[in-house]
Amino acid sequence: MASEIKLPALGENLEGGDVLDVRVEAGATVTKGQALVEIEAEKSTVEVPSPLDGRITQMLVKKGDRVTVGQTLALIEAGETAKNGDTSPTPVAEVAAPEKPAPVAETPAPPVNRLPPVTAPRSEAPSSGKLVPAGPATRRLARELGIDLHHVAGSASGGRVIEEDVKAYVRQLASGSGPTSGGVKAPPLPDFAKWGPIDKKPFEAVRRRTADQMSLSWSLIPHVTQSDVADVTDLDAFRRQQEGNGPKLTVTAFAIKAVAIALREFPQFNASLDLAGGQLIFKNYVHIGVAVDTERGLLVPVLRDVDRKSVVQLAQEMHDIADKARQKKITADEMRGGSFTVTNLGGIGGTHFTPIINYPEVAILGMARSRLTPVVRDGQIVPRLLLPLCLSYDHRVIDGADAARFTRRLAELLEKPLLMVLHG
């Protein structure tokens, strides 16, 4: 008698994912614990193993499918049953869900500074009062954006609203095509093949998630970018002197430490804007996301408690977590909870760019390539290594003067690397 293999809980607030790979075909004999399907959820990958020895009688999903928790992925016959050819399904044989960590005592919420209420885009139609099926993460996102879930169409099974639905609804309103905007929807694309040969490639899951996040951030946050340069001549010399002594000390590691120090001095950069509550939420921790370029697309793993760690520790952690991201071993939890993001394109090139803030953060630091530049010092023209700094910030929360002070403080710290080495 066949048993159903269902998608287990993938983690806190994760309601589903995309099928990256199907490892076995119908008719295959499998052993308990053997990976059957690889699922991508919030840019992390999870393998769904077989719950028992047996034979796969039917595979119900294929690569690229969107699946939700509890959905049947395959039918399997147990070892003895498979020999008898009985294929009628039995009650669900679900894969064991990942163990939940032991409960942690809640800490008091950090103090907040009250702001006047901010009106988020929303439909004017009255809500019905009926409870909308949605998970805790989806409800929290809707509250932060000031969105009534009654006006959001659910795409999951049973009309359940998920986070992607809320984000799509906000983008629709912001683009002028929402139900109350009276705007015009974007026209369909032309037939490009009329003018020459074309190729089509699926928009992979990681890139879809990145596109959703960037669209959300750009639609909601009024971006401004403050630019400055840091003289990193001494930092580069110091960094090279340390080669061979422990982990490689990169410019990014020093920049992350500089950001952590500056965030303690400028707490408004380590905050989030609560639109629904009309308040700023200041975080009493410093968790910094680091943008990592992978073959699947952009991933942003998070380094925890950066302000409590040395540059050497950060360099090692950054190396380890970037490797995990590139090897598809990063988990969803390792990409959550950031309070600020750093991205470095200096290894590729460029002189300046405008990084997009990673919502719900309020600022992001970008770095371009350092260049040897003639500089006047003490009346003499001397070659100095200058690092371009590009700080994008939410102008609703941060004033231009504070952004200029923040980037100048970063430059000062990067120009004195020994001070950062002593911190933490």
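Given the structure is predicted, the values throughout are model-derived calculations rather than measurements.
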Would you say the side-chain atoms of [X] pair up with the backbone N or O of [Y], donor to acceptor, closer than 3.5 Å?
X	Y	result
S310	Q313	yes
T138	E163	yes
S50	L52	yes
K248	R239	no
R396	P222	no
R139	A134	yes
D399	A401	no
T233	L385	yes

With side chains defined as the heavy atoms from C-beta onward, is the minimum distance between [X] and [Y] less than 4.5 Å?
X	Y	result
M367	V342	yes
R55	T57	yes
Q71	V69	no
R264	D307	yes
R371	T351	yes
H352	T225	yes
I356	I364	no
I288	T341	no

Which atom of [X] lies closest to which atom of [Y], heavy atoms considered:
X	Y	result
L299	A325	CD1-O, 3.7 Å
S370	L387	OG-CD1, 3.4 Å
I198	K200	CD1-CE, 4.1 Å
V132	V161	CG1-CG2, 3.6 Å
L298	A291	CD1-CB, 3.7 Å
A35	V24	O-CG1, 4.4 Å

Trace of the side-chain contact (heavy atoms from CB on, under 4.5 Å) decision for H287 with L303: CA-CA 6 Å; H287 302 336; L303 301 177; over 6 Å; no
Between I357 and V362, does the side-chain contact (heavy atoms from CB on, under 4.5 Å) criterion hold? Intermediate values first, please. CA-CA 6 Å; I357 298 164; V362 295; 5.5 Å; no
Would you indicate whether [X], at its atom [atom1], is surrounded by more than 12 heavy atoms from other residues, nucleotides or ligands within a distance under 6.0 Å?
X	atom1	value
D293	CG	no
E265	CD	yes
Q327	CD	yes

Within the 3.5 Å criterion, strictly below it, is a donor on [X] or [Y] matched to an acceptor on the partner's side chain?
X	Y	answer
E361	S272	no
S392	T354	no
S339	N270	yes

Begin with the C-alpha distance, continue with both residues' side-chain angles, and end with the deciding distance and a verdict on side-chain hydrogen bond (donor to acceptor under 3.5 Å, both in side chains) for D320 and Q316. CA-CA 6 Å; D320 294 343; Q316 185 63 60; 3.0 Å; yes
Decide yes or no on side-chain contact (heavy atoms from CB on, under 4.5 Å) for L75 and I5, but give the supporting numbers first. CA-CA 6 Å; L75 299 180; I5 301 176; over 6 Å; no
Please confirm whether F406 and F269 have ring centers closer than 6.0 angstrom. yes
Quick test of your reading of the model: are [X] and [Y] salt-bridged, counting only N-O distances below 4.0 Å?
X	Y	answer
D53	K32	no
R240	D236	yes
R326	E295	no

Atom [atom1] in [X], atom [atom2] in [Y]: separation rounded to 0.5 Å?
X	Y	atom1	atom2	result
F192	D199	CZ	CG	13.5 Å
E47	L36	CD	CG	9.5 Å
L273	I398	CG	CD1	10.5 Å
T343	L365	OG1	CG	9.0 Å
I261	L410	CD1	CG	9.5 Å
R409	R405	CZ	CZ	14.0 Å

Can R377 and D231 be said to form a salt bridge (charged side-chain N to carboxylate O under 4.0 Å, His left out), step by step? CA-CA 12 Å; R377 299 190 71 175; D231 185 338; 3.8 Å; yes
Starting from the C-alpha separation in whole Å, work towards a yes-or-no answer on salt bridge (charged side-chain N to carboxylate O under 4.0 Å, His left out) for R23 and D21. CA-CA 6 Å; R23 302 286 181 82; D21 192 20; 3.3 Å; yes
Is there a side-chain contact (heavy atoms from CB on, under 4.5 Å) between R384 and D234? Walk through the geometry before answering. CA-CA 9 Å; R384 304 293 292 181; D234 295 339; 3.9 Å; yes
Evaluate the side-chain hydrogen bond (donor to acceptor under 3.5 Å, both in side chains) criterion for residues S155 and D165: first the C-alpha distance (whole Å), next the side-chain angles of each, then the deciding distance (0.1 Å), finally the verdict. CA-CA 7 Å; S155 62; D165 299 329; 2.7 Å; yes
